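Remember, it's a predicted structure, so these values are computed and weren't measured experimentally. Sequence lines set the chain letters: A, B, ... in the order given, protein chains first and strands last, and positions in each chain run from 1.
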2 protein chains.
Amino acid sequence: MTDKKENILHAALELFAKDGYNATPTSKIAKQAGVSEGLIFRHFGNKKGLLQALIEDAETRMGELLAPVIFESDPKMVIRKIITLPFSIDRSEYDFWKLQFKIKWEEEYNNPNKMKPLIDKLAWAFSELGFDGPEEEALLLNQIIDSISISILRDGVEPQASFQSFLLEKYNV
Amino acid sequence: MTDKKENILHAALELFAKDGYNATPTSKIAKQAGVSEGLIFRHFGNKKGLLQALIEDAETRMGELLAPVIFESDPKMVIRKIITLPFSIDRSEYDFWKLQFKIKWEEEYNNPNKMKPLIDKLAWAFSELGFDGPEEEALLLNQIIDSISISILRDGVEPQASFQSFLLEKYNV
DNA sequence: CGCTTTAAAGTGAGCGCTTACTTTTTTATT
DNA sequence: AATAAAAAAGTAAGCGCTCACTTTAAAGCG
């Protein structure tokens with residue numbers, strides 16, 4: 001990966017996250033990346049290809065982020081780890097995750113089943129802990145995590161340690 | 001409001017909700033509305049004005065939807081009504097609400113404080129019911145409602161009566 | 001090593017097309 | 001015929017993308 005190629009990815013990420021994919025012209029990306037417009041197309045084929053590269057990158061990272069939860073064997077720790085997750089996103093990666101959430105609203109990129117393995121794991125954990133309706137609990141917690149992430153990324157809400165504690169206590173983990 | 005003006009609003013709503021604002025040309029809106037393109041600009045000035053009209057309409061409707069919750073005096077009923085809300089959205093209005101949620105990702109249209117009155121009311125209800133940390137509970141429930149709406153509108157998840165019951169029981173309302 | 005050849009990376013002008021919006025022409029109504 | 005509403009035609013800017021070309025890096029070889 002050359003420097004300029006990475007510059008393009010970085011600029012595109014920032015602009016897509018802020019203004020949206022369709023509202024961001026390739027000319028603007030090139031300008032911000034300090035690169036000729038043509039180079040975008042040499043490296044990524046077309047504008048969609050550039051977005052695709054960002055998405056694939058994200059899928060890898062999402063997998064890495066969820067791995068410690070999926071492979072955790074202590075049910076309490078599963079719940080604890082998933083609750084902690086959105087509060088531990090690094091600021092420098094906000095744009096990165098914001099784009100992922102934003103893109104879910106574009107039909108062709110949204111895959112509601114992507115979270116299935118996580119939800120299954122949560123259901124298992126709740127079941128182990130003797131909750132009534134572990135599937136429903138899993139679904140609910142997944143949605144809570146989702147919505148916390150959204151409030152942080154979209155609304156710019158400061159991640160509140162107190163709210164994290166509140167959740168940890170609520171689930172007793 | 002003439003018929004054609006309403007046709008334009010209806011077509012724009014559908015297309016904006018499906019493809020997004022920027023990806024929807026006015027020519028397509030006109031075609032779907034069975035109207036000449038110029039008429040859009042006669043009625044709404046410009047494309048943004050058309051979007052604005054849809055947003056203003058939504059704000060009114062949102063107020064109407066939340067009024068029964070805000071003015072409810074029984075704390076249990078406050079919780080019950082807000083939980084029931086996302087499950088009672090009429091299918092014919094999915095596009096309408098989908099657009100509202102989609103638009104929150106555009107910085108200039110997102111106003112995180114819009115839900116303040118509702119959250120305050122929920123906090124009051126939880127306080128009345130003797131919950132620990134009523135503010136946190138209010139925030140949490142508001143986010144749950146938000147994420148349920150999203151899963152229905154964005155992911156096309158069928159509203160599950162069983163999940164609604166699960167929540168009502170969980171909150172004992 | 002030095003020299004040549006090939007390949008890869010990078011440039012920027014510009015093309016064809018679509019877009020939001022405007023102006024002109026037609027149609028309908030009183 | 002006069003006026004307003006709608007349709008049709010037109011415009012200019014901006015878009016994604018191509019392409020002919022230059023520069024830089026890598027590979028082949030005596």
Side-chain angles (χ1 to χ4, degrees), chain A residues 1-58 95 98-100 102-103 105-110, chain B residues 1-58 95 98-100 102-103 105-110:
Chain A
M1 178 93 70
T2 62
D3 277 6
K4 299 213 167 184
K5 190 173 177 184
E6 262 181 310
N7 286 350
I8 292 169
L9 282 168
H10 190 255
L13 174 62
E14 199 178 318
L15 292 167
F16 287 169
K18 178 154 64 73
D19 303 329
Y21 173 79
N22 277 303
T24 304
T26 50
S27 60
K28 204 172 170 185
I29 298 168
K31 199 171 179 183
Q32 180 156 325
V35 143
S36 72
E37 201 177 346
L39 195 60
I40 293 173
F41 297 94
R42 174 164 294 283
H43 280 311
F44 302 99
N46 51 33
K47 196 186 169 187
K48 272 242 156 82
L50 175 55
L51 178 62
Q52 204 64 49
L54 289 169
I55 290 174
E56 272 156 30
D57 194 7
D95 274 350
K98 187 175 179 181
L99 180 59
Q100 303 316 312
K102 217 170 175 171
I103 270 179
W105 286 95
E106 320 284 318
E107 266 172 63
E108 62 185 298
Y109 294 110
N110 185 24
Chain B
M1 178 94 70
T2 64
D3 277 7
K4 300 211 168 182
K5 191 172 176 184
E6 263 181 309
N7 286 350
I8 293 170
L9 281 168
H10 190 257
L13 175 62
E14 199 177 316
L15 291 167
F16 287 170
K18 178 154 64 73
D19 303 328
Y21 172 78
N22 277 301
T24 305
T26 50
S27 59
K28 204 172 168 185
I29 298 168
K31 199 173 180 182
Q32 181 155 326
V35 144
S36 73
E37 198 179 348
L39 197 59
I40 292 173
F41 297 93
R42 178 172 199 74
H43 279 310
F44 301 100
N46 54 31
K47 196 186 170 187
K48 271 243 157 78
L50 175 53
L51 178 63
Q52 204 63 51
L54 288 168
I55 290 172
E56 272 157 31
D57 193 7
D95 275 349
K98 188 176 178 180
L99 180 59
Q100 303 316 311
K102 215 170 178 171
I103 270 178
W105 287 96
E106 319 284 320
E107 266 171 62
E108 58 176 315
Y109 294 110
N110 185 22

**Request:** Could you give me the CA-CA distance, side-chain angles and deciding distance for His10(A) and Glu14(A), then say whether side-chain contact (heavy atoms from CB on, under 4.5 Å) is met?
**Result:** CA-CA 6 Å; His10(A) 190 255; Glu14(A) 199 178 318; 4.0 Å; yes
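- Toward the 5′ end of DNA chain D lies the nearest nucleotide of Gly34(B), the other residue of the pair Gly45(A) and Gly34(B) mapping further downstream.
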**Message:** Let's go through Leu51(A) and Ile103(A) carefully: what are the C-alpha distance in whole Å and the side-chain angles of both, what is the deciding distance for side-chain contact (heavy atoms from CB on, under 4.5 Å) to 0.1 Å, and is it a yes or a no?
**Reply:** CA-CA 10 Å; Leu51(A) 178 62; Ile103(A) 270 179; 3.4 Å; yes
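- Regarding Asp19(B), its CG atom lies at a distance of 12 Å from the P atom of dT19(C), rounded to whole Å.
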**Message:** Between Trp105(B) and Lys98(A), does the side-chain contact (heavy atoms from CB on, under 4.5 Å) criterion hold? Intermediate values first, please.
**Reply:** CA-CA 9 Å; Trp105(B) 287 96; Lys98(A) 187 175 179 181; 4.0 Å; yes
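- Distances shown here put every side-chain N or O of Thr2(A) at or beyond 4.0 Å from the OP1 or OP2 atom of dA9(C).
- Atom CG of residue Leu9(A) and atom NE2 of residue His43(A) lie 9.0 Å apart, to the nearest 0.5 angstrom.
- Summarising the geometry, the separation between NZ on Lys4(B) and P on dA5(D) is reported as 13 Å, rounded to the nearest angstrom.
- The shortest distance between the side-chain N/O atoms of Lys48(A) and the OP1/OP2 oxygens of dG16(D) is not below 4.0 Å.
- Geometrically, Lys102(B) does not engage Tyr21(B) in a cation-pi contact, judged by NZ or CZ lying under 6.0 Å from the ring centre and within 45° of the ring axis.
- Phe41(B) places its CZ atom 19 Å from the P atom of dA5(D), with the value rounded to the nearest Å.
- Base-pairing analysis of DNA chain C finds the following stems of at least three consecutive Watson-Crick or G-U pairs, with both pairing distances under 3.5 Å: C:1-30 with D:1-30.
- In this structure, Leu39(B) reaches the sugar-phosphate backbone alone: every heavy-atom distance under 4.0 Å involves primed, P, OP1 or OP2 atoms, never a base.
- Rounding to whole angstrom units, NZ of residue Lys28(A) and C1' of dC17(D) are separated by 20 Å.
- Side chains of Ser27(A) and Glu37(A): a donor-acceptor N/O pair is absent below 3.5 angstrom, by distance only.
- Closest non-hydrogen pair, Asp95(B) versus Ala17(B), comes out as O-CB, 3.6 Å.
- Applying the 4.0 Å criterion to OP1 and OP2 of dG10(C), one finds that His43(A) has a side-chain N or O inside that range.
- Looking at heavy-atom distances under 4.0 Å, Lys5(A) makes no contact with the nucleic acid at all.
- Between dG12(C) and Ser36(A), no contact under 4.0 Å exists linking OP1 or OP2 to a side-chain N or O.
- Protein atom CE of Met1(A) is 12 Å distant from nucleotide atom P of dA9(C), rounded to whole Å.
- For Glu37(B) and dC21(C), the CD to P distance is 10 Å, given to the nearest whole Å.
- Note: NZ (Lys47(A)) to P (dC17(C)) measures 19 Å, nearest angstrom.
- Whole-Å rounding puts the Asn22(A) CG to dG14(D) P distance at 18 Å.
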